[in-house]
Amino acid sequence: MPPSSAKAVIEFRGVSKRYGVGAVGLDQATFAVDRGEFVFLVGATGSGKSTLMRLLIKELEPDAGMIRVAGHDLAEIVRNRVPYYRRNLGVVFQDFKLLPNRTVHDNVAYALQVTGRTRREIRDKVPDILRLTGLSTKLHNFPDELSGGEQQRVSIARAFVNHPPLLLADEPTGNLDPETSIGIMQLLYRINRTGTTVLVATHDQTMVDKMRRRVIELREGRVVRDEATGLYTRDESTREFALRLRNDAPQAPEHL
Amino acid sequence: MPPSSAKAVIEFRGVSKRYGVGAVGLDQATFAVDRGEFVFLVGATGSGKSTLMRLLIKELEPDAGMIRVAGHDLAEIVRNRVPYYRRNLGVVFQDFKLLPNRTVHDNVAYALQVTGRTRREIRDKVPDILRLTGLSTKLHNFPDELSGGEQQRVSIARAFVNHPPLLLADEPTGNLDPETSIGIMQLLYRINRTGTTVLVATHDQTMVDKMRRRVIELREGRVVRDEATGLYTRDESTREFALRLRNDAPQAPEHL
Amino acid sequence: MRLSFFLREALRSMRRNAVPSFAAMATVLVTMLMLGLFIPVVQATTGAANSVRKRVLVDVYLKTSAKPADVARVQTLLHKTPHVGKLEYVSRDAAYAQQRKAHPDLYKLLGANPLPDTFRVTPDNPDNALALQRALAPPAAAGGVVPIDESIAVVKNRKTDTQKILTVTNMVKVTTAVLALVLISASVLLIANTIRLSMFARKREVEVMKLVGATDWFIRWPFVIEGTILGALGALGAVVLLGLGKVLVLDRFFHGITSVSAPHTVPFAALIAIVLAGGVAVSALGSGISLRRFLRV
Amino acid sequence: MRLSFFLREALRSMRRNAVPSFAAMATVLVTMLMLGLFIPVVQATTGAANSVRKRVLVDVYLKTSAKPADVARVQTLLHKTPHVGKLEYVSRDAAYAQQRKAHPDLYKLLGANPLPDTFRVTPDNPDNALALQRALAPPAAAGGVVPIDESIAVVKNRKTDTQKILTVTNMVKVTTAVLALVLISASVLLIANTIRLSMFARKREVEVMKLVGATDWFIRWPFVIEGTILGALGALGAVVLLGLGKVLVLDRFFHGITSVSAPHTVPFAALIAIVLAGGVAVSALGSGISLRRFLRV
Ligand SMILES: Nc1ncnc2c1ncn2[C@@H]1O[C@H](COP(=O)(O)OP(=O)(O)OP(=O)(O)O)[C@@H](O)[C@H]1O
Ligand SMILES: Nc1ncnc2c1ncn2[C@@H]1O[C@H](COP(=O)(O)OP(=O)(O)OP(=O)(O)O)[C@@H](O)[C@H]1O
Ligand SMILES: [Mg+2]
Ligand SMILES: [Mg+2]
């Protein structure tokens, strides 16, 4: 095993997770993600993407192996420190996990309130992020009054609002139309450019192809591919990035 | 207004649905779907696709306009006849709507049990449809023990198992990887070929482009486009169909 | 097939919803236990109050000078007086013999028989005791009372505190009735409440069932069966605890006493039947009714 | 800021979860109403039983031939006897005067004073009445009893049924104690149950909060506050109903009687305090504790 690189934000070493009999969540997954990277997690359904995310937020415990985040072994975080650990992560859940009794605004504000932010800060930040995700008109709706895509965007807004150093997004565009998806990807890219490490699980092959970022592929819980797809351009501006995403077909290397 | 065609399975005439203040569900939607058609419903998030579906299953009542299904005006179906009406529809819900206390098998079987099918029929049909949707190994799992894509496939299996004359699918491939999506689309196509009318709401532009079926586009509740995209080939075999879908780029008309 | 399907559904639901199922059962158990404890207590209290009231007597003492003819006349008179229930004649000799047997030491001290002939009148209804006394010895214009026959010396209540007995027993009866009513309605309310809550937890489930094409009764039957089973289990638990209580506490420590002091208690078998039927009925009905709200999808 | 945030959260939650909130409140109301009704009843019953027990006396009748010296000797003797509480001497003249006043008509019939000098002995504890009687008149080897002093004619219990009074009142006290215990534990159980159920309905919500980084206490405080408010509202409702009951029923129909027959009842203010405090405490604690299960995510 190679020694863990000091600047790795996420480090999986031989992590396995089995659910009951037969169901494999993860199987000997080993990889590391550096600070500031943008990584896609792909794989067929049931290949273990969500399991990996749930292990990262310590919703599940691995059966074997070690997970380190920002140098800390997750197994060593005691129960009552877990909330403080989770505050460093922004998570977009595959099933959104919105609080049904709170409005859109309050759902997003909750992520700030748990960390004890003042009302002023909340008044500053929440409307901003809601505008970015295109939810300004839905401020006072409850989750069951939103369309699927709108709920997904609330989940995204909640994950972003804290400006966490590590962002996990499980299928953030599964319920979004292509145009909105590009908007969200643009947002992810912008956040990534400010230094945030981003891990995105997705099925959107077109998007992955166009983004040309590092891709980790899982198959039945195993890491079967881990490569930076060709032309990895960190210094592209957000606008250039969006332009490129909107270009229909995956083309040969362009204005690099 | 043109007279309603006799063979229309679904007919919307000036249907509007408004949620509270501001939120437009549908706005003067008028269209008709013939028996045996395969129709895509597209549009940005919040454009009213799910609203249209929910009106069709009489989960919501329209504010204005008339909806006819198989010649019956939905407004005239009395409350205690609604269950019998719904049994003629297969519905894939955007949020799956699985019964949390039932296993995969029992969730699918429930759709047969409500119509009073015998246990023998259930024993015949359920494992079949679960094999088709690739869920044979998850028979005895509960929904919260499934990955997102697996849950979605359970919802699809439940909608198909009855062989309903009308199939509504709201984002049936949102949580599926491209390969599984093609499998599901193949299944939809096969069902359509047996005479079932199929209405699919989707964001998957690539899929819509490749399928070359009729597309109805909504924007803020209005029908802004309603066209059969080019080459509408009803007599294609399922295998040819799948082959064509797997072909990466949308190409010029091929072996027609 | 239908029934067995509904039954299997009910069992599945209980297994999968352990928390609300257990809660509903516990509520039935606790309330039925309370009822099962209070019913005999209430009955015993009312019985005791009634037997105390039965002891309300009006004694008519004749003058010591009364002749047998006077006695006969008074008896006829008493028979015609309204509110007179039972009439018992105790001759002075009989009274003396009776008293001497009861208090031999004390009566040894007495010389001649000081007791008069007496009629013990039981009013037709204890509440009429005072009216009866007034009828037999109406107040005179001059003050005091004058008995209606010259041979009557005094008309007295057995105890001077008849009035007190009457009001106290009345109060006891009203109180126990109110308590019983409160307890029964409280039980119904509490059980209905719990069931409503456990239905609420499954609101989503019911909505989905409706969307898939289930009729109201198709959804309702398993819930009603579940309610019946849970109610029966809870009531059974209560009955078992009551039985244990009876055997371990009542029969052991109050052996022989209960039968003496609480003869009006319902028999244990009837109590069990009441508790069981009550628990089951309330739960089954509660389940069926609470569901109505959520069926309106 | 923190407290006001938690308070707002609690209020929002009550508004959005009307069904479980109302259910919890109703449960507190009903159980506290029951408690509020039963506490005074239990107290009154126990009080009545105690006052009946206080009337258990042992009468020591002296012989009519007893001289003052004999009386003095017996008095000294009695003072030394164990279990003797209060000692009251009633001379035969005093007894005669008293009796004649109570039953003037009856005593007119008597000639000379038939009554002896008497000591009325109150045992130190009603339960010792029989032991005391035995001590003063131990059974003789020849059968019968022989008083410990030759001047004593008879040693008697005021009522011949002391034994019965004792067992009945004992039973009443035990029964009410058991009922009170059952009722209190039932209330706690029922409230805890309801709260557990309404927590259960929000299990998902709590799980999401944890995943978003909320600490246990951050999640718990609003629930505890909500429990407190609901408990207070329920208890308040019970208190209002109790007050209405007192004013409309008790004070009107039992005017003057309650104070006579139930002097040991807790004052109404204390009752209110108990009901309020009980409701609030049980609900708040219940909310805090029920939540623990769901916090283990
Ligand atoms: N709680 C559970 N109990 C049992 N099996 C589970 C549980 N959760 C997940 N699984 C199984 O583990 C495997 C991996 O699931 P996971 O949710 O990680 O897949 P995924 O890659 O996120 O899939 P998708 O793209 O469909 O969301 C699946 O086969 C799933 O059935
Ligand atoms: N119950 C409701 N109350 C208020 N507004 C609602 C409600 N349901 C839907 N809406 C609004 O109606 C509009 C249309 O919603 P709908 O769910 O039909 O969109 P959609 O086309 O299905 O979107 P998506 O692709 O995101 O699922 C949205 O703006 C949504 O916010
Ligand atoms: Mg997943
Ligand atoms: Mg939708």
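No part of B:Tyr85 comes within reach of chain C, as not one of its non-hydrogen atoms sits under 4.5 angstrom from that chain. For chain C, no part of B:Arg81 is nearby; none of its heavy atoms comes within less than 4.5 Å.
C:Val212 has its side chain out of reach of B:Arg87: every pair of non-hydrogen atoms, C-beta onward, lies at least 4.5 Å apart. Side-chain contact check for C:Arg16 versus B:Leu99: every heavy-atom pair is 4.5 Å or farther apart. A heavy-atom distance below 4.5 Å is not found between the side chains of C:Lys210 and B:Glu59.
Figure legend: cation-pi geometry between B:Arg119 and C:Phe5 absent, as NZ or CZ is not positioned both under 6.0 Å from the six-membered ring centre and within 45° of its axis.
Salt-bridge check for C:Glu205 with B:Lys97: failed, with every basic side-chain N at 4.0 Å or more from each acidic carboxylate O.
Note that CG of C:Leu211 and CD1 of B:Ile57 are 5.0 Å apart. Values are rounded to the nearest 0.5 Å.
The nearest pair of heavy atoms linking C:Arg12 to B:Asp106 is NH1-OD2, 2.8 Å. Residues C:Gly213 and B:Pro83 share a closest heavy-atom pair of O-CB, 3.5 Å.
No more than 12 heavy-atom neighbours from other residues, nucleotides or ligands sit within 6.0 angstrom of CD on B:Glu220.
Contacts of residues 20-30 of chain C with chain B at a heavy-atom distance below 4.5 Å are absent; not one residue qualifies.
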